[in-house]
Each structure stands twice: as C-alpha cells, then as structure tokens.
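First the structure, in the form of structure tokens, and then the observations on it.
Order of the sequence lines sets the chain letters (A, B, ...), proteins ahead of strands, with each chain counted from 1.
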Amino acid sequence: MSVLKYAPEALKNLFKPPVTTKYPFEPAVYPEGARGHIEIDIDDCIGCGMCVRSCPCGTLSVDKMAGTWSIDRFDCIACGYCVEKCPKKCLHMIEGYQTPGVKEGAVTYTKSPEQLEKDRIAREEQAKKAAAAKAAAAAKAAEAKAAAAPSGIEQAAAKKL
Amino acid sequence: MGKRSVIPFGPQHPVLPEPIHIDLVIEDEKVVEAIPSVGFIHRGLESLVDRRDYNQMTYVVERTCGICSFQHGMGYCEAMEHVFGVEVPARAKYLRTIWAELGRIHSHLLWLGLLADGFGYENLFYQCWRVREKILDMQEMTSGGRLIFSVNKVGGVIKDIDKEKLDIILKTIDEVEAELETIKDTFLLDYSVQSRLQGVGIVTKEQAHDLGAAGPFARASGIKTDMRKLGYAAYPDLDFEPIVSATGDSYARCYCRIMEIFQSIDLLRQAIAKIPNETDLFTPVKGNPDGEYFMRVEQPRGEAVYYVKASGKPYLDRFRVRTPTFANLPGLCEMLKNTQLSDVGLLVLTIDPCISCTER
Ligand code: SF4
Ligand code: SF4
C-alpha cells in the first residue's frame, strides 16, 4: 500500500527539527570555493583595467590616478571572470553572499593614503626616469647626427671633386 | 456539437513557474484547439554577441536557463572549440560529463516535484525536492554555484573536482538512488497517480516524429533519439542506451524521466570510475574565431542546437540557440486536442516546459 509508505516518514517528520535553517538568524554554511561576492585588495591594484574590460556586465570601473576601484554589486553576476583575468591577483571570490544593500549604485574602494603616496612617488620617479631617458636619447641622436654629417672641409673637398 | 468558447491559459497559472499563454478553444469541457503565444520574457541574449566577446559570451549563454545552465555553457563552448579546432583534454571532458549528468538529475527531480504538485500530491512534491537538494549541494561543492556553474571555458573547464569530492558524489548518489526507489514506486504504481497520468495526452510515434518532438517527450512516444549518442564530452566512452517507452501518454513521459535519473546515476558512476588522472584542464585557444559550427547537445528537456558564426573578430557574427521546449511546443498543442480542460495544466507540465530558454 503506497499510502502507508510515507507513514513512517510522516511520523519521523513530526519529531524531527526542520531541515531548513533560520537564516539570517543562523549563519549560512557555504562550501569552500562557493562563488559569493568579489573582494579586492585595493592596495595591490595597479589600475590596469583588465577587470573592467573582461566583465560581461560592465559593472566595474577603475580610476588609476585617483586609486579607486568601484563595483555595482547589484549588477555583478559573480561569474569570476575578472578574478581570472586580474594580472596582480588582487581580486578574490569570497564565499557567502553580500548582505542586502540599502541603496543602489556602485561601491567605491580607495587606496590607503600611504599607498597613494607611494604610487605618487613611483609615478614621479618613473616620469623622471622617462624624461631622463628621453633626454639621453635626444642627446645621443644629436651626437650621431653630428658624427654622420660630413664637416665643412670635407664638403668643400667633395664639391671640388 | 456544443458551443465553442475560448479560455485563456496562462501566462500566470498555478502549475506554471514560467509565463506561457495558450488560448484554449473548448467545446463543453473538451479542448478542440490550442493556440500558444510566447514572448513575455524575451531578454535578447543572442543579440549580445555584438557587444560581448566570445569569452564573455560563455557566461551570458549559460544564463539562458537556470536549470540546464551548465549544458548551455557546454554546448556553446563545444561549438566554439570546433570553430577553433582545439581538442579538449580528456579530464575536462569527463568533468563536463559529470556536471551535465548532475544537472540532468536535479532537473528531472525538479520536474517530478512539479508534476506531483500538478496532480495535487504535495507530500511527494516535497520528497522530490528534498532529494534534489542533495544534488544541488554537490553542484555547489564542486563548482561554487548551486545552479549557475560558471566552470566552462572555451577550450576546457576552469575547475577540477578532486578525488575527495568525487567520493562524496559517489556516496551522495547512493543515498539519492535509495530514496528514489521509494519515490519511483509512488509515481509508477500508485493507482490514484496512475489515474491522472495513464492514457492522457497521447502522442503517437508518427505525430511526435512529424512535429519534431525532442528529448524525453519524443522518447516517451517510442522514438529512440538521444544526442548524447552523437559523442560529445566523454559520452562515447560510457555505456548507455536511450530510455524509450511506447505508449506516448503522460505516464510514459513520467516513466522515461524517472528511468533517466537512474541512468544518469549509472553514467556518473561510470564517469567517476573512468576519469583519467591529468592535470591539464583546458587547451589554450589563440587568436580570434573564424568559421561556423552547429552543435547539438542533449539537455534534460531534449535536444538543444547551438549555431555560432565568426569571422576573425573577437565578437561573433551570429549566435543562435534552438531550445528543446521550442521544439516541443507543436507537439504540446497537438496533444492538447481532445483532452479535458481539467487535464490541460498537467499536460502542459509533462513536456517540462522551460519558457525562459525558449525566449532567451
Ligand atoms: S564577477 Fe563577473 S560580473 Fe562580477 S565583477 Fe567580476 S567579471 Fe563582472
Ligand atoms: S585587473 Fe586587477 S590590477 Fe588591474 S585594475 Fe582590475 S583589480 Fe586592479
């Protein structure tokens, strides 16, 4: 009798606690590697924009100069493609979903003042180096030109011939 | 002959999780004609190809459907791999097979639950979904997502399933199989369930063939069709035969799907036993795609076709999906003719409609 087949099950269920949990009052358990949400180690970010270009939803934006990285969490589908593409491996997929947001729009992460200062110094040094390299290259080019150009006497000699 | 009238069915209807509208022309209580209309949730995913490159499209395509998401991603990636002419590493093929079969089990359990709900057996509905939860946990454990896997990539897969996790899967499918035995008996032997399913909504083999039915819907009418036999992923190495039934009624469709769960469990065991020990999970693809390809895969609901066309740019020229529900709609309308109005809800369910993939 198939009616009675579920009788033991029904009896058991009378005394068993429910299989569901009272989330959010009880914490949810996520397996390792669950795709919950994206976090960034903002100080390691070099502002290359690879994540922005790879995101299928266009939810990311990055400003290299200001040292900021923004994500609109409502648009993110947690695909993990940005994590795969980031050359500095500073993006991470974290288990557990975001807590519900209270307002729409992007969340912006800004680098720490120390890191911003470091970045600024590095940029200046790089600019100096680049300028020096450029000057050196220009000087070298001028030298080469001077060496290649025949002197006045030689030119006169060439004319005579 | 009674007076004819038209009753709208859907897009909001208790048996339907998704919106489809059918105009039912009825005479007394009998349906004489069914005219479907779809288009309530068109999202334009196919047209995104001109704004998303072929790698980003993997994530878009897999979101065509929430139930067979993995298979959508796999079908697209297999098509792209043919365009690139790359061979996927053997382990990746087996991983794809394992994920695809897990997806099939959870999809069929979902459908069984909905069917039980459709004929008013709430307890059975909960039993099916409780069992399905274990499969969802396996999916989340292995891929990181309960339903959307995001593990496919053109050229292979991005995640591995290690030995420990494979063992957990084996243990879980043993439990699922044991629980399924009880559920199966209720679906197939209970007389009140039989009275709702047997002899209702018969589609003959000729009708199913002429109307282009796909998947379990076609197999329940005696057509031995299964795209897995075409030999994508690791299916050529696995031993299985399509499950068919001859009667073509609702009961046969229920029978086919239940048996396919057992078949999938068997395929999972075979795949886990045979999976090669490799570290390579994907073959890198270089450059931009150039060429076109038709890929056919067997989804839980039947045959899905993916067409890709590329001309050496990172963006595809054309991408198209033909989903199984789309192929089964003509069969559904034919099946609804000469049935009782009270059976319509259940009959619509028996093709396992997935409207969001139909409309993409
Ligand atoms: S996880 Fe996907 S959708 Fe979210 S920000 Fe990264 S690339 Fe974009
Ligand atoms: S890809 Fe990584 S390093 Fe580059 S901008 Fe994005 S987060 Fe920063």
Counting only heavy atoms from other residues, nucleotides and ligands, does the tally under 6.0 Å from [atom1] of [X] exceed 12?
{"X": "B:Y255", "atom1": "OH", "result": "no"}
{"X": "A:K118", "atom1": "NZ", "result": "no"}
{"X": "A:E143", "atom1": "CD", "result": "no"}
{"X": "B:F125", "atom1": "CZ", "result": "yes"}
{"X": "A:K85", "atom1": "NZ", "result": "no"}
{"X": "B:E164", "atom1": "CD", "result": "no"}
{"X": "A:K22", "atom1": "NZ", "result": "no"}

message: Working to the nearest 0.5 angstrom, can you tell me the gap between A:Y30 OH and B:R146 CZ?
response: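 Rounded to the nearest 0.5 Å, the OH-CZ separation comes out at 10.5 Å.
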query: What part of A:E95 gets closer than 4.5 Å to chain B, counting heavy atoms only: side chain, backbone, both or neither?
result: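 Contact with chain B is absent: no heavy atom of A:E95 under 4.5 Å.
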message: Taking B:I148's backbone N and O only, do any of them form a donor-acceptor pair with A:R35's side chain (distance below 3.5 Å, no angle check)?
response: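 Yes, the answer is positive, given that a donor and an acceptor are paired below the 3.5 Å cut-off.
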message: Using a 3.5 Å distance criterion without hydrogens, assess whether the side chain of B:R63 forms a donor-acceptor pair with backbone atoms of A:I77.
response: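 Checking the backbone N and O of A:I77 against the side chain of B:R63, a donor-acceptor pair under 3.5 Å is found.
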Test item: B:M141 and A:E32 side chains (from C-beta on) under 4.5 Å apart, heavy atoms: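 SC-SC contact between B:M141 and A:E32 ruled out.
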query: Any idea which heavy atoms bring B:Q56 and A:S54 closest together, and the distance?
result: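 Distance-wise, the nearest heavy atoms are NE2-O, 2.8 Å.
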task: State, to 0.1 Å, how close B:S150 and A:C79 come at their nearest heavy-atom pair, and which atoms those are.
output: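 Shortest heavy-atom contact: CB-O, 3.9 Å.
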message: For B:E133, which atoms come within 4.5 Å of any heavy atom of chain A: side chain, backbone, both, or neither?
response: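 The answer is neither part of B:E133.
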query: Picking from B:V60, B:D53, B:N55, which has the most non-hydrogen pairs under 4.5 angstrom with chain A?
result: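 Most pairs with chain A among the choices: B:N55.
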task: Name the option with the most non-hydrogen atom pairs under 4.5 Å to chain B; the candidates are A:G33, A:G58, A:G80.
output: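 Answer, by heavy-atom pair count under 4.5 Å with chain B: A:G33.
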